[in-house]
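Read through the structure below, which is laid out as structure tokens, and then see the notes.
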Amino acid sequence: MKKLINDVDQVVVEQLQGMAAAHPELQVNIAPHYICRAKKGDKVAVISGGGSGHEPMHGGFVGFGMLDGACPGEVFTSPTPDQMYECAKAVGSDKGVLFLVKNYTGDVMNFETAAELVAAEGLPIQSILVDDDVAVKDSLYTAGRRGVGLTVLMEKIVGAAAEAGYSLQACADLARKINLNGRSMGMALTACTVPAAGKPNFELGDNEIEIGIGIHGEPGIQKAAMQTADEITETLFTQIIEDKGYSRTVREWDNNSSQWEEKKLVDEDFAPGDEMIAFVNSMGGTPLSELYTVYRKLDQLCAAKNIKIVRNLIGPYITSLEMQGFSITLLKADAEILKFWDAPVNTPGLRWGM
Amino acid sequence: MKKLINDVDQVVVEQLQGMAAAHPELQVNIAPHYICRAKKGDKVAVISGGGSGHEPMHGGFVGFGMLDGACPGEVFTSPTPDQMYECAKAVGSDKGVLFLVKNYTGDVMNFETAAELVAAEGLPIQSILVDDDVAVKDSLYTAGRRGVGLTVLMEKIVGAAAEAGYSLQACADLARKINLNGRSMGMALTACTVPAAGKPNFELGDNEIEIGIGIHGEPGIQKAAMQTADEITETLFTQIIEDKGYSRTVREWDNNSSQWEEKKLVDEDFAPGDEMIAFVNSMGGTPLSELYTVYRKLDQLCAAKNIKIVRNLIGPYITSLEMQGFSITLLKADAEILKFWDAPVNTPGLRWGM
Amino acid sequence: MVVTKKQIIDWLDRIAMVMKENREYLIDLDSAIGDADHGINMSRGFSKVQEKLPELSQGDIGTILKTTGMTLMSSVGGASGPLYGTFFMRCGMALAAKEELDCKDVLALFKAGSEGILQRGKPNLGDKTMYDVWAPVIACFETTSQENDQDLAATLSACVEEAEAAMKATIPMQAKKGRASYLGERSIGHQDPGATSSYLILKALWETLDA
Amino acid sequence: MVVTKKQIIDWLDRIAMVMKENREYLIDLDSAIGDADHGINMSRGFSKVQEKLPELSQGDIGTILKTTGMTLMSSVGGASGPLYGTFFMRCGMALAAKEELDCKDVLALFKAGSEGILQRGKPNLGDKTMYDVWAPVIACFETTSQENDQDLAATLSACVEEAEAAMKATIPMQAKKGRASYLGERSIGHQDPGATSSYLILKALWETLDA
Ligand SMILES: Nc1ncnc2c1ncn2[C@@H]1O[C@H](COP(=O)(O)OP(=O)(O)O)[C@@H](O)[C@H]1O
Ligand SMILES: Nc1ncnc2c1ncn2[C@@H]1O[C@H](COP(=O)(O)OP(=O)(O)O)[C@@H](O)[C@H]1O
Ligand SMILES: [Mg+2]
Ligand SMILES: [Mg+2]
Ligand SMILES: [Mg+2]
Ligand SMILES: [Mg+2]
């Protein structure tokens, strides 16, 4: 393992110290770990978090028009409830706190515990799951679809809505709508190495790739022989576009009854004529040039299905350490979504309009 | 070699096609290869170029406030004079054309030939070299210092000056000043593979790194045993900060006499109290998280030397395919430089203020 | 035979040691069907617990275990953090104010802890999780303690054997909960890391008492 | 013995073939002290020249060589693009309107080409570049052609031997120009890729005439 680190046990802390040095406009808290805006806003506070190793997500998305706070766990390990609780206290007002949570068992359990603590503090709280990874096929026999690329788009769009004065309920509704209209899939050319583990999590031969990879260095759904960029892009695109009617039961907090409520939510299908935000993401070690090779094909495939890409995002935004590979996310976009996508954002990881 | 490509002979073309699809506001020309703004401005046209494989540089820096055109060669191979010539005709007005050229034998010779062609066309032309890589020690017994990280800062700052109406001469003077006040050094944890070559250019053991790497996959100045991020950062920082009075003879075009003039240029030293733009760059395969670990140390080192980092840029901006490693660039910044650094920029690869 | 407060402290101390010793092993297991952090998470969490043991020795057993749970909750992260956090918090709540534990108390401890896992993670039997260790261990405890007249040593010894078998029985299972479930059939043939750490926790208790 | 226009065309055609055959070899040489693209650059450039040969066969030798230079200039890139581009453009200019070449013409060709390299790249002898092949070759050509009464076959044969020796003589040199110069002393012990392609170009002419 060769990495630019000093001590495997200090990687997260030292990265946070680097963030603090580089971005004085952010407040970086070390014990417990969280990054938040320096000033509490009179608005819904949008907070996300998850294991480290996905940079710039989430800490790099804290700032105007996006997140109010981010809670990084150890590398690929969910953060703990005290982080989200302290972060919520730092940025949350009576307008409420919205958690955006990627659907992993650990994240869900830790954020649920945190939500209970925040609610006990008397702050209105809502928690919305992102589960956009079509590589996971059913929710009955698995922990359900994982939260991957769509998280970035959701944080941008919902962050802009909160900035514009949306209520907690309206922000939650928008986030839920985004989740039901966005889907992703990823692949890996190489594995990655968690610093504290010291060796890669799985082995890939010189001619092998993993299809349906998550973002935690776990093996994908299926090993395959190496293929051209066009072939791989078509595989991912087809899986995303043909995925229909995924249904899951999620738990959302009810601020009136102060308890969790189960909700059954069903994806909305993609259809010809849809307008989309297309997001081609690097897993960390894949250079931008290769993403453009992928985008070229994605653009052709969308055109052939009469799907109109109206916005795009191309680059390393939700990564898996130094893993080589990429993911595609498609989000069906209506006027509300596009308006908040286009709204100004100013964070270390995503910036436009200001 | 596992890469997201289709055909080793088509990588550059297909990336350009991807750029064209993703960024309709740019004009992407295939024969010969160049990327330029859709509209010719009534201003100095700033053009750069070089081998491909350094994305987002240069093509990703075409847009408002930065480049007017970029000419990508084959991977790690200088572009040919016809590219710069055609690009200059596409975006150049009678305000003149400024070439920003990284100091590599190939780039210099191809851009010189192009400058002669542009001059013959009757357009005022100027060509400024970037040679900021302190890993190369003398210019007498080598091809001279290489152009590396400073190129990105120069393109941003000079691009903004051109946007603000600076004359060709003023743009060239500013570019020259930046070159004499900015220095860089890089290192690699891994080699990278040129697609058409099919195998890495050099081998590094599990415990080896290359110090003083360029951006073309060539071996560095010196192999070393693996070290901590702090140690490596200190090595690069020290080399940059202690480099004094580098002198070289450059050739600049004289539009009056229509011939090349030799100029001897000497670097300005860094001193305590200096204000700097600090740029920590990923070679492509190193994830953002590790760059922040480096930045943490760089910030401490600067503070200890009473050097004030007043702006920073952290991320993969001038890369070497999928190589893992990083470079540090420090640019002494006066009010003029900071003003144009802060000015709005809107390109696929760098964006703020708009 | 009773379990003294000192032995509870020793147990927690031993778990920390065991998790350090088995760090690579648990990482390897989690590499195969997860994200390679279970060994890291467990040893980080129990090191934190270990650091707190000196100050903890003042309180009763219930307080010790509750604080252990809260410490795990805020230091482990991942899926196992809330699960083991809840496990120990519930143990503490079940044994409030106790200064020593008899055989029935130990059963109550496991039952409360296991119930906590069930509520947080909603695992079913056979889902290939740590619950696949605790459920059979509790059944075994109930039977053996009755058969052996509440003899803790004999009961625990049987439970450790049962736990080992239960841990190994996760190998042929297909994961339906947690990260391993994404692998579908590819999760078959690998031992569950959480089941393994649960076995180690139980065995550490037995070793503490046996010492 | 004279060189016909047909033979010039065959020469260029053969260079394209030779560069394709030696692509990996030149890549390997450039890997050691450069950026691994010389083989790619040369085979790309001469393939382009090869594509143009049918239409070129109309023109005189000067035109053929000038077009070759311009084609290389706009397709090779890197350092070798402008260098070989200038080399062949200068050859063409020196042999304007010729339909066949005698021994003195061939000397003029090499001299003009080599002069082009000198002006573009400003190499010194011993800098470990392609110029370290052309300079001794021209000296050898002058001596041998005089000694052999302007016998082209004998002269060229001697020049090919000289070129091979000159190419190998770049091995112990420390590079002072081009990308290899960055390596300082680490460039010693490796054969210069550009010197090698220059040798191949010369040898291809000899093979063409000898065939
Ligand atoms: N829903 C669940 N119920 C019970 N145990 C679970 C559940 N999900 C996961 N586990 C247990 O957690 C273990 C994984 O823990 P760990 O690797 O620390 O967390 P993560 O999976 O978040 O990386 C699994 O081996 C399994 O035993
Ligand atoms: N200044 C120079 N003068 C003459 N020849 C040079 C000079 N610089 C480089 N060369 C030649 O060019 C060769 C490298 O060509 P190539 O690999 O195609 O270009 P690049 O170095 O730009 O990648 C070297 O081996 C050397 O022979
Ligand atoms: Mg984990
Ligand atoms: Mg090159
Ligand atoms: Mg795990
Ligand atoms: Mg080369």
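Sequence lines set the chain letters: A, B, ... in the order given, protein chains first and strands last, and positions in each chain run from 1. We use all heavy atoms of the structure for the numbers below, so side chains are in, but hydrogens, waters and symmetry mates are not.
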*Which atoms of Leu189(A) come close to chain B, meaning under 4.5 Å heavy atom to heavy atom: side chain ones, backbone ones, both, or neither?*
both
*Would you mind listing every ring pair (Phe, Tyr, Trp, His ring centres under 6.0 Å) that reaches into residues 194-215 of chain A, with sequence neighbours excluded?*
none
*Below 4.5 Å from any heavy atom of chain A, which atoms of Pro344(B) appear? Answer side chain, backbone, both or neither.*
neither
Scan the chain A/chain B interface and emit each donor-acceptor pair under 3.5 angstrom with its distance.
{"residue": "Lys2(A)", "atom": "NZ", "partner": "Leu189(B)", "partner atom": "O", "Å": "2.6"}
{"residue": "Lys2(A)", "atom": "NZ", "partner": "Gly205(B)", "partner atom": "O", "Å": "2.9"}
{"residue": "Lys2(A)", "atom": "NZ", "partner": "Glu208(B)", "partner atom": "O", "Å": "2.7"}
{"residue": "Leu4(A)", "atom": "N", "partner": "Glu290(B)", "partner atom": "OE1", "Å": "2.8"}
{"residue": "Ile5(A)", "atom": "O", "partner": "Ala229(B)", "partner atom": "N", "Å": "3.0"}
{"residue": "Asn6(A)", "atom": "OD1", "partner": "Thr228(B)", "partner atom": "OG1", "Å": "3.4"}
{"residue": "Asn6(A)", "atom": "OD1", "partner": "Ala229(B)", "partner atom": "N", "Å": "3.3"}
{"residue": "Asn6(A)", "atom": "OD1", "partner": "Asp230(B)", "partner atom": "N", "Å": "2.8"}
{"residue": "Asn6(A)", "atom": "ND2", "partner": "Asp230(B)", "partner atom": "OD1", "Å": "2.9"}
{"residue": "Asn6(A)", "atom": "ND2", "partner": "Asp230(B)", "partner atom": "OD2", "Å": "3.4"}
{"residue": "Gln17(A)", "atom": "OE1", "partner": "Arg296(B)", "partner atom": "NE", "Å": "2.7"}
{"residue": "Ala22(A)", "atom": "O", "partner": "Asn312(B)", "partner atom": "ND2", "Å": "2.9"}
{"residue": "His23(A)", "atom": "NE2", "partner": "Tyr292(B)", "partner atom": "OH", "Å": "2.6"}
{"residue": "Leu189(A)", "atom": "O", "partner": "Lys2(B)", "partner atom": "NZ", "Å": "2.6"}
{"residue": "Gly205(A)", "atom": "O", "partner": "Lys2(B)", "partner atom": "NZ", "Å": "3.0"}
{"residue": "Glu208(A)", "atom": "O", "partner": "Lys2(B)", "partner atom": "NZ", "Å": "2.7"}
{"residue": "Thr228(A)", "atom": "OG1", "partner": "Asn6(B)", "partner atom": "OD1", "Å": "3.4"}
{"residue": "Ala229(A)", "atom": "N", "partner": "Ile5(B)", "partner atom": "O", "Å": "3.0"}
{"residue": "Ala229(A)", "atom": "N", "partner": "Asn6(B)", "partner atom": "OD1", "Å": "3.3"}
{"residue": "Asp230(A)", "atom": "N", "partner": "Asn6(B)", "partner atom": "OD1", "Å": "2.8"}
{"residue": "Asp230(A)", "atom": "OD1", "partner": "Asn6(B)", "partner atom": "ND2", "Å": "2.9"}
{"residue": "Asp230(A)", "atom": "OD2", "partner": "Asn6(B)", "partner atom": "ND2", "Å": "3.4"}
{"residue": "Glu290(A)", "atom": "OE1", "partner": "Leu4(B)", "partner atom": "N", "Å": "2.8"}
{"residue": "Tyr292(A)", "atom": "OH", "partner": "His23(B)", "partner atom": "NE2", "Å": "2.6"}
{"residue": "Arg296(A)", "atom": "NE", "partner": "Gln17(B)", "partner atom": "OE1", "Å": "2.6"}
{"residue": "Asn312(A)", "atom": "ND2", "partner": "Ala22(B)", "partner atom": "O", "Å": "2.9"}
{"residue": "Gly353(A)", "atom": "N", "partner": "Met354(B)", "partner atom": "O", "Å": "2.8"}
{"residue": "Met354(A)", "atom": "O", "partner": "Gly353(B)", "partner atom": "N", "Å": "2.8"}

*Taking every heavy-atom pair that is under 4.5 Å apart, which of Met354(B), Met323(B), Met283(B) has the most such pairs with chain A?*
Met354(B)
*Largest heavy-atom contact set with chain B, pairs under 4.5 Å, which of Gly349(A), Gly18(A), Gly59(A)*: Gly18(A)
*Of the backbone (N, CA, C, O) and the side chain (C-beta and beyond), which part of Pro195(A) lies under 4.5 Å from a heavy atom of chain B, both, or neither?*
neither
*First locate atom CE of Met57(B), then atom CG of Leu288(A), and finally report the distance between them rounded to the nearest 0.5 Å.*
12.5 Å
*asked:* I'd like to verify something: which residue of Gly285(A), Pro287(A), Gly284(A), Ala22(A) has the highest number of heavy-atom pairs under 4.5 Å with chain B?
replied: Ala22(A)
